[in-house]
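Each remark here refers to the structure printed beneath this line.
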Amino acid sequence: MNKVLIIGCGGVGTVAAFKCAQYPEVFHEIVIASRRKEKCDEVAKAIGAPNITTDQVDADDVNQLVALLKKHQPQLVVNLALPYQDLTIMDACLECGVNYLDTANYEPRDEAHFEYSWQWAYRERFEKAGLCAILGCGFDPGVSGIYTAYAAKHHFKEMHYLDIVDCNAGNHGKAFATNFNPEINIREITQKGRYYQDGKWVETGALEIHKALTYPEIGPRESYLMYHEELESLVLNFPTIKRARFWMTFGQEYLTHLRVIQNIGMARIDPVMYNGQEIIPLQFLKAVLPNPKELGENYTGQTSIGCRISGIGKDGKPLTYYIYNNCDHHKAYEETGMQAVSYTTGVPAMTGAMMFFKGLWNKPGVHNVEEFDPDPFLKQVAEAGLPWHEVINGDLEL
């Protein structure tokens with residue numbers, strides 16, 4: 001019996017559970033666990049499948065995680081909790097002999113910094129245990145890496161320049177809201193930018209570099225250079241890459257709110273005293289901002305995420321290549337009750353889990369998604385709701 005344990009019941013966890021339930025021939029049993037069991041119960045009720053059970057766990061506590069894994073005995077844990085909790089969940093998986101998959105790399109609570117070194121340090125332990133850990137199986141990171149691997153396999157002799165582009169052209173009708181966990185989102189966006197150039201990392205100011213890029217069915221949108229974790233693994237796994245960058249769109253109203261939040265100290269992640277007790281300003285802000293899980297009902301518009309790659313094609317000639325997906329917020333909500341940002345992360349997480357259970361992505365150690373065969377994943381993720389498109393030697397800015 002294939003049993004998957006999903007840890008986390010926010011927007012992404014909800015989508016992943018919905019999508020797993022659509023494939024009972026692969027996911028025979030589904031367990032959803034979160035800090036609040038009632039959230040899991042609500043999702044299970046909404047899905048209405050007979051093979052779903054729920055439980056409670058504090059994912060910061062290795063002992064609780066170990067007890068949860070021993071109780072349910074899954075073959076695979078899909079970690080859709082907070083990035084702070086990656087290592088505790090990996091520790092519990094090692095102790096209990098369970099395979100692992102996540103969508104975002106570890107970052108410590110006390111520093112807005114993320115890189116794969118902490119999780120890559122688990123490679124030997126997972127190899128010796130005969131367990132597979134699949135890192136970064138959302139969209140970006142995730143599908144962005146798989147798109148790159150697909151391009152390398154089918155189109156390029158050498159990839160030289162990689163730009164991952166992420167546009168959310170949706171409108172949720174709120175003055176200010178984040179599309180996933182506000183604390184993680186704001187920490188990520190307010191960090192310094194970084195990109196890879198000729199074997200070195202170049203650091204920039206936060207959102208300092210920006211330009212208009214044209215997105216299919218959307219048009220031009222101002223796009224800002226940021227650091228994103230998949231760049232770190234992609235330049236290692238595809239060493240012909242000379243430059244790798246990540247771009248994301250933001251509206252001016254969003255950026256104005258973000259600047260005010262920073263200026264008044266509400267983006268701080270260090271504790272301050274308030275009424276005789278310590279609070280983290282950013283965590284307090286998270287409590288008063290709209291819940292990303294509840295944005296879907298009135299969300300309109302599309303996301304557009306893809307990879308723009310140039311280099312030398314299989315035929316030895318210069319090649320430019322764009323592979324992307326557009327996802328509609330309202331259609332995602334109609335299917336799962338969640339908006340497209342959750343949908344575009346939850347569907348790949350389910351698809352990666354399916355690749356594991358089918359034996360297509362399963363080798364001992366700790367691996368980023370681009371280390372596996374991209375073909376069966378891309379076939380399945382398209383069938384599951386995220387079709388992809390290619391533009392070969394096209395002018396992207398027309």
Side-chain angles (χ1 to χ4, degrees), residues 12 15-16 18-20 22-23 25-27 76 78 101-104 132 134-157 159 162-167 215-217 228 230-231 233-234 237-238 241 244 246 302-311 313-314 319-328 331-332 335 340-363 367-394 396:
V12 176
V15 171
F18 262 93
K19 301 305 288 190
C20 286
Q22 292 177 2
Y23 298 93
E25 72 281 5
V26 175
F27 302 99
L76 176 70
V78 174
L101 179 147
D102 68 25
T103 62
C132 180
I134 301 170
L135 303 186
C137 197
F139 207 112
D140 45 349
V143 177
S144 56
I146 298 161
Y147 282 169
T148 306
Y150 182 85
K153 179 177 179 179
H154 294 284
H155 295 286
F156 283 94
K157 184 178 180 181
M159 296 186 295
L162 167 67
D163 285 288
I164 299 170
V165 295
D166 183 329
C167 172
Y215 297 87
E217 300 179 40
H228 227 241
E230 67 263 46
L231 299 179
S233 64
L234 288 171
N237 289 318
F238 301 101
I241 292 177
F246 182 95
Q302 297 183 83
T303 62
S304 183
I305 312 173
C307 295
R308 302 179 176 195
I309 307 169
S310 62
K314 296 288 188 184
L319 173 67
T320 63
Y321 177 75
Y322 182 26
I323 178 170
Y324 69 93
N325 162 266
N326 277 30
C327 184
D328 184 273
K331 290 179 180 177
E335 182 185 351
V341 177
S342 295
Y343 191 88
T344 54
T345 307
V347 174
M350 177 283 296
T351 306
M354 182 183 288
M355 294 299 101
F356 169 81
F357 280 117
K358 288 186 173 182
L360 299 169
W361 284 17
N362 187 1
K363 54 186 177 183
H367 307 282
N368 294 86
V369 291
E370 66 268 17
E371 298 174 52
F372 297 99
D373 185 0
D375 292 8
F377 180 98
L378 288 181
K379 181 177 185 296
Q380 180 57 53
V381 83
E383 293 175 3
L386 295 176
W388 45 279
H389 313 278
E390 297 172 289
V391 178
I392 297 173
N393 284 329
L396 301 178

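Quick note: residue numbers are just sequence positions, from 1.
- A salt bridge links K379 with E383: the closest approach of a Lys/Arg side-chain nitrogen to an acidic carboxylate oxygen falls below 4.0 angstrom.
- Separating the CZ atom in F139 from the CG atom in N325 is a distance of 4.5 Å, to the nearest 0.5 Å.
- By the 4.5 Å heavy-atom criterion applied to side chains, L76 and L101 are counted as neighbours.
- Under the 6.0 Å distance and 45° angle rule, K19 does not count as a cation-pi partner of Y343.
- Using a 4.5 Å heavy-atom cutoff, the side chains of T103 and P348 are not in contact.
- The side chain to side chain contact (heavy atoms under 4.5 Å, CB included) test applied to N393 returns L319, T320, not counting sequence neighbours.
- Here the closest non-hydrogen pair linking S304 and Y322 is OG-OH, 4.2 Å.
- Applying the ring-ring contact (aromatic ring centres under 6.0 Å, His included) criterion to F377, with sequence neighbours excluded, gives W361.
- Between H228 and F246, the angle of the ring planes stays under 30°, which puts this pair in the parallel group of the 30/60° scheme.
- Heavy-atom contacts from other residues, nucleotides or ligands closer than 6.0 Å to NZ of K331 number 12 or fewer.
- S310 OG to D163 CG: the interatomic distance, rounded to the nearest 0.5 Å, is 8.0 Å.
- Between Y324 and V391 the shortest side-chain heavy-atom distance falls below 4.5 Å.
- Side-chain contact between I305 and V143 is absent, with no heavy-atom pair separated by less than 4.5 Å.
- Counting heavy-atom neighbours within 6.0 Å of K157 NZ, excluding the residue itself, gives a total of 12 or less.
- The side-chain hydrogen bond (donor to acceptor under 3.5 Å, both in side chains) analysis of residues 135-145, with sequence neighbours excluded, yields the pairs S144-E230.
- At least one side-chain heavy atom of F372 sits under 4.5 Å from a side-chain heavy atom of H367.
- For S233, the side chain to side chain contact (heavy atoms under 4.5 Å, CB included) partners are Y116, W120, N237, N368, E370, not counting sequence neighbours.
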Donor-acceptor pairs under 3.5 Å, side chain of residues 349-360 to any protein atom, not counting sequence neighbours: which ones?
residue, atom, partner, partner atom, Å
T351, OG1, V347, O, 2.8

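- Considering only residues two or more places apart in sequence or on other chains, A151 meets the side chain to side chain contact (heavy atoms under 4.5 Å, CB included) condition with F156, M159, I309, Y321.
- Between the side chains of D375 and H154, at least one donor N or O sits under 3.5 Å from an acceptor N or O.
- When all heavy atoms of K314 and A152 are compared, the pair lying nearest together is NZ-O, 3.2 Å.
- Put simply, the side chain of D102 gets close to the backbone of G136: a donor and an acceptor are under 3.5 Å apart.
- The SG atom of C20 sits 4.0 Å away from atom CZ of F27, with the distance rounded to the nearest 0.5 Å.
- Closest non-hydrogen pair, C327 versus T344, comes out as CB-CG2, 3.7 Å.
- Here NZ of K363 is found 5.5 Å from CD of E371. Values are rounded to the nearest 0.5 Å.
- The shortest distance between side-chain heavy atoms of N326 and H389 does not fall below 4.5 Å.
- Contact record, L234 with G145: CD2-CA, 3.9 Å, taken as the closest heavy-atom pair.
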